[in-house]
Peer 1: 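I'd like to ask some things about the structure below.
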Amino acid sequence: MPQAHNKASDWFDGLYKENKKNHENIPWARQAVNPLLQSYLDDEKVHQGKALVIGCGLSDDAMVLAEAGYEVTAIDVSQTALDLAQARFPDANITFKKQDIFEYAVRFDFVFEAFTIQSLPVEFREKMVKAVVNTIAKGGKLLLVAYKREEMFDGPPWPLTPKEVYLFKEEGLTELSQEIHTEESKISNTRFRVLYKK
Ligand SMILES: C[S@@+](CC[C@H](N)C(=O)[O-])C[C@H]1O[C@@H](n2cnc3c(N)ncnc32)[C@H](O)[C@@H]1O
């Protein structure tokens, strides 16, 4: 039975298909590690255990996590994105998996989520937060990166408000740090980087 979010999630595969050879046309694809993940990896000394990258896209972030020492699973609903990622990193020690985050019950020591939650309409927010929290093992960590907005925004994407970021605490996570970073963008010049523990 198709779920309500499927239409929104399926849209991504078409965009990846159209831009198989023009990755620069994929708006979120930096083709470089997310700097807010890199600074986390630089600051933390120990990188071991099972890591999950949610909505991995072209997978530069998954690649850096694997190089840091994690056993990485990278999931995305778009098979095209996963094929492109595998072609970019053929020797990577990463398990690429076509997987809907709303239907995933496996738990990880470290979960990295950047820009997937905000890529689906606000009506899916609470369900999405629950789905993300469900992938973290007890004692595991979540590093969340998302654009920040104070008020609702007519997306896509739909950046997170501070109240929506609070949903993770309501789901039982402990916030270890929350930083607001500035970087120019058409969507919002501020973004959250929040580290949680379960
Ligand atoms: C805005 S992109 C961000 C990609 C990547 N995280 C990055 O920072 O470059 C959102 C990604 O989430 C994937 N996605 C959308 N809905 C999903 C779902 N329900 N489960 C898993 N992945 C999903 C899309 O295919 C897309 O690759």
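All figures in this text were calculated on a predicted structure; none of them were measured in a lab. Both counts, for ligands and for their atoms, begin at 1 and track the order of listing.
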Peer 1: Check whether any N or O atom of Tyr16, backbone or side chain, sits under 3.5 Å from an N or O atom of ligand 1, and answer yes or no.
Peer 2: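 Yes.
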Peer 1: Would you say Asp76 and ligand 1 have an N/O pair spaced under 3.5 Å apart?
Peer 2: yes
Peer 1: If you measure every N/O of Phe12 against every N/O of ligand 1, is any gap under 3.5 Å?
Peer 2: no
Peer 1: Out of Phe124, Trp11, Trp28, whose heavy atom is nearest to atom 9 (O) of ligand 1?
Peer 2: Trp28
Peer 1: For ligand 1, which is the ligand I care about here, please tell me if Asp61 has any N or O atom under 3.5 Å from one of the ligand's N or O atoms.
Peer 2: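 Asp61 vs ligand 1: no N/O contact under 3.5 Å.
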Peer 1: Enumerate the atoms of ligand 1 whose separation from the nearest heavy atom of Phe102 is less than 4.0 angstrom.
Peer 2: 19 (N)
Peer 1: I'd like to know whether ligand 1 has Gln99 as a neighbour, heavy-atom separation below 4.0 Å.
Peer 2: yes
Peer 1: Looking only at distances, can you tell me whether any N or O atom of Gly55, backbone or side chain, sits closer than 3.5 Å to an N or O atom of ligand 1?
Peer 2: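 Yes, there is a polar N/O contact under 3.5 Å.
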Peer 1: Tell me whether Ile75 reaches ligand 1 (any heavy atom closer than 4.0 angstrom to a ligand atom).
Peer 2: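 It does not; every heavy atom stays at 4.0 Å or beyond.
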Peer 1: Mind telling me whether Phe12 and Tyr16 have parallel, tilted or perpendicular rings, with 30° and 60° as the class edges?
Peer 2: tilted
Peer 1: Would you confirm whether Asp61, through its side chain, and Asn34, through its main-chain N or O, come within 3.5 Å as a donor-acceptor pair?
Peer 2: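 It does hold such a pair.
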Peer 1: Would you say Asp100 touches ligand 1, if touching means a heavy atom closer than 4.0 Å?
Peer 2: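 Right, Asp100 reaches ligand 1.
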Peer 1: So, is Phe115 polar-close to ligand 1, with some N/O to N/O distance under 3.5 Å?
Peer 2: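 No - when backbone and side-chain N and O of Phe115 are compared with those of ligand 1, no distance drops under 3.5 Å.
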